[in-house]
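The structure presented is a predicted model; accordingly, all values stated were derived computationally and were not measured.
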Amino acid sequence: MTPIVLALPGNEVLAASLVSRPGAESGLIELRRFPDGETYVRLETPVRDREVILACTLERPDDKLIRLLFLAAAARDLGAARIGLVAPYLAYMRQDRRFREGEGVTSSYFARIVSANIDWLVTVDPHLHRRSSLAEIYSIGTDVVHAAPRVAEWIKANVEQPLLVGPDAESAQWVQDVAALADAPSVVLQKTRHGDREVAVSIPDVDRWRDHTPVLVDDIISTARTMIETVGHLRRSGLRPATCIGVHAVFADDAYRQLQAAGPAQIVTCNTIPHPSNAIDLHDILAERVSNLMSPHATRSESPGRD
Ligand code: R5P
């Protein structure tokens, strides 16, 4: 039977892309808060024996999670055959170990909660630093879209003489991938984080790059301190104003305004989280992956799902 796409609030554009592929249709939900702050959910479209696809990117996840879980539970209760989640930004990937005695490893706990309630997951470049794949913590089928080819295409089309800059060692592999696809050189800076909002970076061999346009590439821009420090450091080193590219435009509090004030040439992100800086479209790739998952001969880039 035709799969049904249900958009959680704020995910309507993503959901429209998912149904634009042949073989899915959009469903209606009613979602609101009772006066006491509790959540009301109702599936207006019948889901019995149908595959349900929930469209919900997961930045600022704490408020979203309960609605997502209730919708998944209601869909299952109402006879849905399987429940998938398209979450272009996957939350809670950064607390991937116990940094201090007594801390919770929330990436594992979050993965456990999602895996217990959802049958498959499609996302974009999850922050895998100390883990090599989602399968280490997610027990459901997962498929990961990589933004690097689209980011490289954007750089090739929009930046003259780019120098790809990774702000820290964690970004090295990702930046080198994009650089190779964009036929551009790359450097990786050394970053020292002194706190949630305090970081310091340094660039080696700066004179070599004076004719280039620095392009900072990172997976997540959250407080933007990493980008702000890097933009400032490159400017003070005499390089051209940098272009900042982030896959996921998390932008905590007024981080976007602060990054703008740091004086980059431009700030560009992928549309994994709706934001004014979105300039690189990944929705069509997500739609294609979902459509593959729906096909009887689906192949997945990560672990196989529960059937
Ligand atoms: C770190 O491991 C990530 O790749 C990003 O560099 C980091 O999340 C950026 O955070 P912020 O914008 O808060 O500096």
Side-chain angles (χ1 to χ4, degrees), residues 57 59 88-89 94 124-125 127 129 146-182 184-193 196-204 206 209-282:
T57 200
E59 93 287 3
Y89 177 68
R94 293 197 285 173
V124 177
D125 286 325
H127 186 78
H129 176 41
H146 297 291
R150 285 283 165 92
V151 171
E153 263 172 41
W154 188 93
I155 293 169
K156 276 180 133 174
N158 293 281
V159 184
E160 241 178 74
Q161 192 98 335
L163 165 67
L164 275 283
V165 179
D168 57 20
E170 291 176 28
S171 64
Q173 196 187 334
W174 156 251
V175 166
Q176 283 154 8
D177 272 3
V178 176
L181 292 163
S186 66
V187 292
V188 173
L189 308 193
Q190 289 184 336
K191 174 170 98 173
T192 315
R193 188 176 275 281
D196 282 356
R197 292 170 188 269
E198 289 149 45
V199 297
V201 291
S202 60
I203 182 170
V206 69
W209 307 114
R210 296 215 187 274
D211 294 338
H212 287 70
T213 304
V215 180
L216 312 189
V217 183
D218 209 348
D219 57 348
I220 299 169
I221 311 179
S222 177
T223 65
R225 291 320 308 178
T226 303
M227 289 273 180
I228 290 168
E229 287 306 317
T230 311
V231 165
H233 178 74
L234 297 177
R235 198 190 52 235
R236 288 189 295 278
S237 306
L239 297 192
R240 293 178 186 167
T243 291
C244 297
I245 304 182
V247 177
H248 303 296
V250 173
F251 289 116
D253 305 321
D254 68 342
Y256 184 52
R257 191 196 54 72
Q258 287 184 28
L259 179 54
Q260 286 176 311
Q266 50 189 336
I267 305 167
V268 166
T269 58
C270 300
N271 59 352
T272 60
I273 298 170
H275 189 268
S277 60
N278 290 169
I280 301 172
D281 179 31
L282 300 176

At what distance, to the nearest 0.5 angstrom, does CZ of R236 lie from NE2 of H233? 7.5 Å
Taking atom CG of D281 and atom CG of N271, what is their separation to the nearest 0.5 Å? 4.5 Å
So, taking the atom named CD in Q176 and the one named CG in L181, what distance separates them when rounded to the nearest 0.5 Å? 12.0 Å
Tightest non-hydrogen contact, residues A184 and P162, listed as CB-O, 3.7 Å
Residue pair P214 / R240, side-chain heavy-atom distance below 4.5 Å: yes
Could you check if a side-chain atom of P88 sits within less than 4.5 angstrom of a side-chain atom of L282, using non-hydrogen atoms only? no
Taking D219 for the side chain and S171 for the main chain, is one N or O donor matched with an acceptor at less than 3.5 Å? no
Can you check whether V268 reaches N158 side chain to side chain, under 4.5 Å on heavy atoms? no
T243 side chain to T213 backbone, donor-acceptor under 3.5 Å: no
Which pair of heavy atoms, one from F251 and one from H275, lies closest together, and at what distance? CD1-NE2, 3.3 Å
Side chain proximity check, H248 to D125, heavy atoms < 4.5 angstrom: yes
Taking every non-hydrogen atom, the tightest pair across V178 and A148: CG2-CB, 3.8 Å
Do T230 and D218 have side-chain heavy atoms sitting under 4.5 Å apart? no
Check whether any side-chain heavy atom of P185 lies under 4.5 Å from a side-chain heavy atom of L163, and answer yes or no. yes
Taking every non-hydrogen atom, the tightest pair across Q161 and D211: CG-O, 3.2 Å
Any chance you could measure N278, atom CG, to T272, atom OG1, to the nearest 0.5 Å? 7.0 Å
So R94 and S222, do their side chains get closer than 4.5 Å, heavy atoms only? yes
In short, V217 meets L164 closest at the heavy-atom pair CG2-CD1, 3.3 Å
What is the ring orientation for H212 with W209, classed by angle as parallel under 30°, tilted 30 to 60°, or perpendicular over 60°? perpendicular
Check whether any side-chain heavy atom of V124 lies under 4.5 Å from a side-chain heavy atom of C270, and answer yes or no. no
When rounded to the nearest 0.5 angstrom, what is the spacing between CG in D253 and OG1 in T223? 9.5 Å
How long is the span from the CH2 atom in W174 to the NE2 atom in H146, to the nearest 0.5 Å? 9.5 Å
Run through L216, V215, T269 and flag the one making a side-chain contact (heavy atoms from CB on, under 4.5 Å) with I245. V215
Shortest non-hydrogen contact between L259 and C244, atoms and distance: CD1-SG, 4.2 Å
